[in-house]
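Inspection log for the structure reproduced underneath, given as structure tokens.
In what follows, chains carry the letters A, B, and so on, assigned in the order in which the sequence lines appear, proteins first and then strands, with residues in each chain numbered from 1. Values below: all heavy atoms of this structure, side chains included; hydrogens, waters and symmetry mates excluded.
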Number of protein chains: 2
Amino acid sequence: MSVDESHGRGGAAVRPTLRTLAAETGFAVATVSRALANDPKIAESTRETVAAAAQRLGYVPDRAAQRLRTGRTKVISLMLDPHHEILGFTNHLIEGLTGAMVGSGYHLTVFPQTVGGDTLAPIQHVVRNNLADGVIFSRTRDDDMRVRFLLERGFPFASHGRTRGPAPHPFVDFDNDAFAHAATMRLADKGAKSVCLISPPEPYTFAGHLRAGVRRAAAERGMTVTIPEHLSIDSPPEQVSAWAESLDPVPDGFVFPGEVSYLATAAGLRRRGLEHGRDYHAVIKVSSSLLSLVDPGLDQIFEDIREAGRLLGESILGAVGTEKGAMPEGVIYAPVVLYR
Amino acid sequence: MSVDESHGRGGAAVRPTLRTLAAETGFAVATVSRALANDPKIAESTRETVAAAAQRLGYVPDRAAQRLRTGRTKVISLMLDPHHEILGFTNHLIEGLTGAMVGSGYHLTVFPQTVGGDTLAPIQHVVRNNLADGVIFSRTRDDDMRVRFLLERGFPFASHGRTRGPAPHPFVDFDNDAFAHAATMRLADKGAKSVCLISPPEPYTFAGHLRAGVRRAAAERGMTVTIPEHLSIDSPPEQVSAWAESLDPVPDGFVFPGEVSYLATAAGLRRRGLEHGRDYHAVIKVSSSLLSLVDPGLDQIFEDIREAGRLLGESILGAVGTEKGAMPEGVIYAPVVLYR
DNA sequence: GAGAGATTTTGTAACGTTTTAAAACGCCAT
DNA sequence: ATGGCGTTTTAAAACGTTACAAAATCTCTC
């Protein structure tokens, strides 16, 4: 007999409420409520009695009632934007997030980006209509409207990625600078004289980190740097592919912040008869093991998106748990080098 | 001035409630409630007055209160299981789902599969604790515990994939039979004499559909069929890869229900010096444009996961909207042939 | 001009929880 | 016994909504 089986005395299973427990134990509803909340002003003995009854009847508090009474939703909202570049991003992020939230009593709801790319609107909607206790979003910008809005309202959040602004806030970010630096060093070790970076669009903070990392390493090793403008990891693959095909001169080293831009570039170069490992080298940031299948010799550096999700989950739970405005802590997770 | 700006008379923005509207319009709270609900027993004029006031004050009903009162959560739960095989599955499915739910007032929450692979537990949790009005799940089996449980409880749901059981229920399914048939025909057209199918694990309903489609076409065209046991699209890529490398004899035609199994198999065959297009043919079911990048010559058939999500969304909204038990309708969406 | 009938509005009671302030209880010193 | 004090319990109100039954208002018809 399962523990949360219906104990209905013959009829349809009726959900036990505080009133049920009160009747069962002989205490008042208020007492039962506080006993379950582990209020220290409740006698130890009654706490046990109530806990036992709750366990026996399979009591579980009604979220709607709690939410109505307390104003807390016990919900975290994830703002979803389509990621063309990072394979399995959504899946891994959600896995990490829900993993961190298991047992916390919090639920995860997902809000789509409204078409037209307005990234602030869904967040305003959530905040204004009290649809969650905290929000998570990604693709953070140097100067991010969402961060500004949420800080101003004192609304808990955690972002994937940092801002450049002076105001501290909770975030989780991959060390893109370290990745880019390591990748460029690797290219130098392989004998590359020039390095080309397919960058994310400028406004995203991590674009700056990637560029900085590449430039620093290139300076150390005397390499030339090219970063194509009018082209980003968000460009349609066909466009990237075409760009690569018409590249002149062809750099002998590439840093790719994602699988797709690599595949697109490699396709373009291949049409010109250029092959990876022979005519150029590449280091690719991956978040899946997929690329190893298409070419086992590739130099890959791993970004653990599931871990990012886990950290974001912990971060936001901390933020909603503590008193308003406390602990704007950021955490940075490290690249995992897969080559050699 | 934005339409839902706070109209607070100087102080902190206080959310307007029905009581606010009642005071504002001079009607009773009950009247306001029913006016907003478009109750036909309310005079047209008052409906307009109330609607105007609601609009002006930026009134939006409190979900918690509605949920407490009505018992309806206005939430749909998506049961998430990790899909190694289909690239971008989660992302696309959620995009489709949320797209279909926009404007419906429903929210989407996501529940992870509890580790250990118990697929029923999270659903029971949602149903027993009234955490949603309907659930969505995928990877449906011939005889599916979840379907049985939900039908028995009369709980609204829509599954991605069918069951084989006699009881009808709402589902959305890809026409895997048609895909497999078309794929095999294509292989025959290319001159293949034998066809090998990497199948999903037996219990999943779509495994049967795929096998049937392949076998039917093979019979029509006089091809031999092999379906490796102890190997499925869920097998780790390394295992698939190793299997391919040791394959003997090597079939001259392959049907792949997903990108990953193709990449793994091709990697194994490549290590033996066998090349696609020369030594064997392949038709692959894809859900992204990624494979075109690695090999533009590949024969691909597209499964639109976003569309699946959209259909699932419509389906579940229909199911929760109508009276209990009505309209167990299933919908099948078609393959999109990309070759030629 | 009064009553019947239809239309429209409203007061009240829930839904299940937490919180505030007050009541009950036990115990000890007077 | 009485009062006082610390501990433990409780009644009642509130959160914002919907639903039921009853009240109020309007519209006819005789």
Side-chain angles (χ1 to χ4, degrees), chain A residues 12-51 53-54 57-75 105-107 128-131 133, chain B residues 12-51 53-54 57-75 105-107 128-133 321:
Chain A
V14 57
R15 246 167 88 86
T17 79
L18 286 185
R19 186 137 54 244
T20 320
L21 292 191
E24 187 81 7
T25 60
F27 290 108
V29 168
T31 311
V32 173
S33 170
R34 315 176 59 175
L36 289 173
N38 279 325
D39 187 322
K41 330 214 84 181
I42 289 289
E44 181 61 32
S45 65
T46 56
R47 239 184 322 196
E48 284 165 4
T49 313
V50 168
L57 301 195
Y59 168 79
V60 32
D62 184 289
R63 306 197 115 232
Q66 287 187 139
R67 175 165 168 180
L68 176 60
R69 181 60 236 246
T70 65
R72 258 160 280 127
T73 65
K74 290 282 192 169
V75 162
Y106 276 82
H107 288 177
R128 295 216 173 104
N129 299 353
N130 210 246
L131 267 22
D133 297 339
Chain B
V14 57
R15 245 167 89 87
T17 76
L18 285 185
R19 187 135 54 240
T20 320
L21 293 191
E24 187 80 7
T25 60
F27 290 108
V29 169
T31 310
V32 174
S33 170
R34 311 174 58 181
L36 258 15
N38 279 327
D39 187 321
K41 330 215 86 181
I42 290 288
E44 182 61 29
S45 64
T46 58
R47 237 183 329 198
E48 283 165 5
T49 312
V50 168
L57 302 193
Y59 168 80
V60 33
D62 184 289
R63 308 196 113 232
Q66 285 183 318
R67 174 165 168 180
L68 175 60
R69 181 62 238 251
T70 65
R72 258 160 281 127
T73 65
K74 290 281 192 170
V75 163
Y106 277 82
H107 288 176
R128 293 217 173 103
N129 299 352
N130 211 246
L131 266 22
D133 297 339

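- The CZ atom of A:R72 sits 12 Å away from the C1' atom of C:dT17 (whole-angstrom rounding).
- Nucleic acid contact class of B:A65 (heavy atoms, under 4.0 Å, all strands): base.
- Across the protein-nucleic acid pair, B:N38 atom CG and D:dA19 atom P stand 14 Å apart, rounded to whole Å.
- For the pair B:S33 and D:dT17, the criterion of a side-chain N or O lying under 4.0 Å from OP1 or OP2 is not met.
- Using a 4.0 Å cut-off, some side-chain N or O of B:R19 falls inside it from OP1 or OP2 of D:dC15.
- B:A43 comes within contact range of the sugar-phosphate backbone alone, with a heavy-atom separation under 4.0 Å but no base atom that close.
- The distance between atom CD of B:E44 and atom P of C:dT9, rounded to the nearest whole Å, is 11 Å.
- Distance from the side chain of B:A28 is smallest for C:dG11 among the nucleotides C:dG11, C:dT8, D:dT17.
- Taking atom CZ on A:R47 and atom C1' on D:dT7, their separation rounds to 13 Å, with Å as the unit.
- Of the candidate nucleotides D:dT9, C:dT17, D:dT17, D:dT9 has the atom lying nearest to any side-chain atom of A:T31.
- Between B:R15 and B:V60, the closest side-chain pair of non-hydrogen atoms falls below 4.5 Å.
- Across all strands shown, A:R34 has heavy atoms under 4.0 Å from base atoms, whether or not it also approaches the sugar-phosphate.
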Starting from the C-alpha separation in whole Å, work towards a yes-or-no answer on side chain to side chain contact (heavy atoms under 4.5 Å, CB included) for B:L21 and B:F27. CA-CA 8 Å; B:L21 293 191; B:F27 290 108; over 6 Å; no
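- At D:dT9, one or more side-chain N or O atoms of A:T46 fall inside 4.0 Å of OP1 or OP2 (strictly under the cut-off).
- In this entry the distance linking CG of A:L18 with C1' of C:dC15 reads 13 Å, nearest Å.
- Rounded to an integer number of Å, the gap from A:K74 NZ to C:dG16 P is 20 Å.
- The distance from atom CZ of A:F27 to atom C1' of D:dT10 is 12 Å, rounded to the nearest whole Å.
- In this model, the phosphate group of C:dG16 is not approached by any side-chain N or O of A:R15 to a distance below 4.0 Å at OP1 or OP2.
- For the pair A:A30 and B:A30, both in contact range of DNA chain C, the more 5′-proximal nearest nucleotide belongs to B:A30.
- Atom C1' of nucleotide C:dA6 and atom NZ of B:K41 are separated by 9 Å, given to the nearest angstrom.
- For the pair A:T17/A:D62, no side-chain contact is recorded, criterion being any heavy-atom separation below 4.5 Å from C-beta on.
- Between the OG1 atom of A:T46 and the CZ atom of A:R34 there is a distance of 10.5 Å, given to the nearest 0.5 Å.
- Closest to the A:L68 side chain, of the nucleotides D:dT9, D:dG16, C:dT9, is D:dG16.
- Residues B:K74 and B:Q66 are not in side-chain contact: their nearest non-hydrogen atoms beyond the backbone lie 4.5 Å or more apart.
- Comparing D:dA11, D:dT17, C:dT17 against the side chain of B:Q66 picks out D:dT17 as the nearest.
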